[in-house]
Participant: 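Pasting a structure below so you can have a look.
Worth saying up front: this structure is predicted, and the values here are computed from it rather than measured.
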Amino acid sequence: MTGDYIIQGISKSIGSITVTRCLPHSKKRYLGPFVFVDHMGPIEYNLENDINVLPHPHIGLMTVTYFLAGEGFHIDSIGNKQQINVGDINLMIAGKGIVHAEKSRHIPKDQTKKIHMLQIWIALPKEEEECEPQFINYPKDKLPKFTLNQTLDVHLLIGRYEQFQSPVKTFTETLYCIIECKKNNTEKLLFPYKELGILVAHGHAKINTHNLKANDLIILENPNDIQIEGEQGSILVCFGGTPYPEKRHIWWNFVATRKELIKEAAEKWKNQKMGSIPGELEYVPLPSDYNF
């Protein structure tokens, strides 16, 4: 496929919440090292539609959680309990296997709160896909923020842009940043990465010749020459990097270079031998379409 092309996100239900899934997609299974991108909100939630993602497993990837509005709470099978606030990064390196759950803080009856978040997966390199699991929280004040041409506020979550470098741990060349349009603008940007996509998380934007709305993802033919016409208040999510040379198998919550690793993980989870979270009695069962 040549030229820029557009992916329109698909609605998916995850427990009590609905998200827009942008990757994987029939047009593009992965982008650089990114294999999964979910976008939720902005929405109002209350006790009836509270966020409660039950314990479930992962292998072979890193999950990256980021809130544009709202907050969440992470717990996992290696003992971590972490509040995540707007602008923070929760990075979970699944490696050979980890179990986690995500919740929202209790809110009083008859009250609502706004939530807007991104959940992405980055595949681990072949030599690290069976590493020990790890969890790291990066507070927002540790992540670079800067303004381009007085019109675009950039929050650099992962990777490098010009002289700015994020401290978030990576295993390969990766870019992940949030761009907020301070005013109506037209800017030319250059991203020195082999593959790049831009997701409109809020508002509207014209990128190159394409008019985009919320939950549209554009895959760019040439990341080194991009024209962005942003509408004031719009939020763009840029992500990409260098793709791995090996194919990735993706099934349910598992990512691996070999199907055997997915089969082993599925059997462990089916028999509840991948780990557990103290105090959590319920969990997400193995899907019925398991056929490895």
Side-chain angles (χ1 to χ4, degrees), residues 19 23 31-42 51 53 58 60-95 98-105 114-125 128-129 131-148 152-180 191 193 196-199 201 235-242 253 255 277:
V19 302
L23 283 181
L31 182 67
F34 292 78
V35 296
F36 179 99
V37 176
D38 269 2
H39 174 226
M40 184 178 76
I51 295 174
V53 181
H58 290 287
L61 55 85
M62 304 193 306
T63 66
V64 185
T65 306
Y66 181 82
F67 280 80
L68 291 151
E71 58 194 8
F73 192 76
H74 166 97
I75 52 177
D76 63 43
S77 57
I78 58 175
N80 294 291
K81 298 179 180 181
Q82 179 66 54
Q83 173 78 19
I84 180 170
N85 299 309
V86 172
D88 298 346
I89 282 284
N90 270 0
L91 178 74
M92 187 181 75
I93 302 171
I98 193 171
V99 178
H100 78 120
E102 304 294 332
K103 303 175 181 291
S104 55
R105 294 180 65 182
K114 182 179 179 181
I115 191 166
H116 191 188
M117 68 170 291
L118 294 153
Q119 174 77 36
I120 67 167
W121 298 354
I122 299 174
L124 291 171
E128 297 287 348
E129 64 181 340
C131 68
E132 292 295 323
Q134 186 180 6
F135 175 85
I136 309 168
N137 170 264
Y138 295 90
K140 64 181 179 182
D141 60 1
K142 302 296 183 183
L143 304 172
K145 294 193 81 169
F146 52 94
T147 300
L148 295 175
L152 301 175
D153 284 341
V154 181
H155 197 187
L156 182 60
L157 307 181
I158 300 177
R160 175 184 292 275
Y161 186 80
E162 295 183 344
Q163 73 269 34
F164 302 98
Q165 175 70 54
S166 167
V168 175
K169 186 172 183 176
T170 57
F171 294 89
T172 187
E173 185 179 58
T174 308
L175 176 73
Y176 181 29
C177 68
I178 308 296
I179 297 177
E180 298 188 38
F191 293 94
Y193 292 89
L196 187 81
I198 300 178
L199 167 68
I235 300 173
L236 310 178
V237 182
C238 300
F239 61 95
T242 302
N253 300 319
V255 176
I277 302 172

Participant: Pair I122, I158 - check side-chain contact (heavy atoms from CB on, under 4.5 Å), show working.
Facilitator: CA-CA 11 Å; I122 299 174; I158 300 177; 4.0 Å; yes
Participant: Which pair of non-hydrogen atoms, one from G60 and one from A94, has the smallest distance, and what is that distance?
Facilitator: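 Distance-wise, the nearest heavy atoms are N-CB, 4.3 Å.
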Participant: Between atom CG of L152 and atom CZ of F146, what is the distance when rounded to the nearest 0.5 Å?
Facilitator: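 Nearest 0.5 Å value for the CG-CZ distance: 10.0 Å.
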Participant: Would you check if N90 and M92 make a side-chain contact, meaning some heavy-atom pair closer than 4.5 Å?
Facilitator: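 They are not in contact (no side-chain heavy atoms under 4.5 Å apart), so the answer is no.
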Participant: Mind listing the closest non-hydrogen atom pair of L143 and P167 along with its distance?
Facilitator: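 For L143 and P167, the tightest heavy-atom pair comes out as CD2-CD, 4.0 Å.
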Participant: Atom CD of Q82 and atom CG of D76: how far apart are they, to the nearest 0.5 Å?
Facilitator: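 One gets 10.5 Å once the value is rounded to the nearest 0.5 Å.
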Participant: Answer yes or no: is there a donor N or O on one side and an acceptor on the other, between the side chain of T174 and the main chain of G241, under 3.5 Å?
Facilitator: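 No: the side chain of T174 does not pair with the backbone of G241.
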Participant: Before giving the answer on side-chain contact (heavy atoms from CB on, under 4.5 Å), spell out for L118 and I178 the whole-Å C-alpha distance, their side-chain angles and the decisive distance to 0.1 Å.
Facilitator: CA-CA 11 Å; L118 294 153; I178 308 296; 3.8 Å; yes
Participant: Check whether D88 reaches the backbone of K140 with its side chain - one donor and one acceptor, N or O, closer than 3.5 Å.
Facilitator: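 Looks like yes, one N/O pair under 3.5 Å.
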Participant: Indicate the atoms forming the closest heavy-atom contact of V86 with G70, along with that distance.
Facilitator: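 Closest pair (atom of V86, atom of G70, distance): CG2-O, 3.3 Å.
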Participant: What's the shortest heavy-atom distance between Q165 and L156, and which atoms?
Facilitator: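 Scanning both residues completely, I find the closest heavy atoms to be N-CD2, 4.0 Å.
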Participant: Under a 4.5 Å cut-off applied to non-hydrogen side-chain atoms, are I84 and H74 in contact?
Facilitator: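 The answer is no, as the side chains (C-beta and beyond) never meet within the 4.5 Å cut-off.
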Participant: May I ask you to check whether F135 and H100 place their ring centers less than 6.0 Å from one another?
Facilitator: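 No, the ring centres sit 6.0 Å or more apart.
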Participant: Which label fits Y66 and Y176: parallel for a plane angle under 30°, tilted from 30 to 60°, or perpendicular past 60°?
Facilitator: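 Because their plane-to-plane angle is over 60°, the rings of Y66 and Y176 count as perpendicular.
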Participant: Can you tell me how far the NZ atom of K103 sits from the NZ atom of K81, to the nearest 0.5 Å?
Facilitator: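 NZ of K81 is found 11.5 Å from NZ of K103.
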Participant: Which pair of heavy atoms, one from L31 and one from L196, lies closest together, and at what distance?
Facilitator: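 Closest approach of L31 to L196, heavy atoms only: CD2-C, 3.8 Å.
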Participant: Evaluate the side-chain proximity of P33 to T242: yes if any heavy-atom separation is below 4.5 Å, no if none is.
Facilitator: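 They are not in contact (no side-chain heavy atoms under 4.5 Å apart), so the answer is no.
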Participant: Please evaluate residues F239 and L23 with respect to the criterion side-chain contact (heavy atoms from CB on, under 4.5 Å), reporting the C-alpha separation (whole Å), side-chain torsions for both, the decisive distance (0.1 Å), and the verdict.
Facilitator: CA-CA 12 Å; F239 61 95; L23 283 181; 3.8 Å; yes
Participant: Walk me through whether H155 and L157 qualify under side-chain contact (heavy atoms from CB on, under 4.5 Å).
Facilitator: CA-CA 6 Å; H155 197 187; L157 307 181; 3.8 Å; yes
Participant: Would you check if C238 and F191 make a side-chain contact, meaning some heavy-atom pair closer than 4.5 Å?
Facilitator: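 Result yes, sub-4.5 Å side-chain heavy-atom pair found.
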Participant: To the nearest 0.5 Å, what is the distance between OH on Y193 and CG on L175?
Facilitator: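 Reported value, rounded in 0.5 Å steps: 4.5 Å.
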Participant: Would you say the side-chain atoms of Y138 pair up with the backbone N or O of K169, donor to acceptor, closer than 3.5 Å?
Facilitator: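 A pair under 3.5 Å: yes.
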Participant: Counting distance only, does the side-chain N/O of H58 pair as donor-acceptor with the main-chain N or O of N253 below 3.5 Å?
Facilitator: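 Pair found, side chain donor or acceptor close to backbone of N253.
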Participant: Could you tell me if the side chain of K145 sits less than 4.5 Å from the side chain of D153, heavy atoms only?
Facilitator: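 They are not in contact (no side-chain heavy atoms under 4.5 Å apart), so the answer is no.
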Participant: To the nearest 0.5 Å, what is the distance between CD on E129 and CG on L124?
Facilitator: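 Nearest 0.5 Å value for the CD-CG distance: 7.5 Å.
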Participant: Taking side chain as C-beta onward, heavy atoms only, is Q119 less than 4.5 Å from V19?
Facilitator: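 No, their side chains stay 4.5 Å or more apart.
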Participant: How many angstroms lie between atom NE2 of H116 and atom CE of M40, to the nearest 0.5 angstrom?
Facilitator: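 Spacing of NE2 (H116) from CE (M40) equals 9.0 Å.
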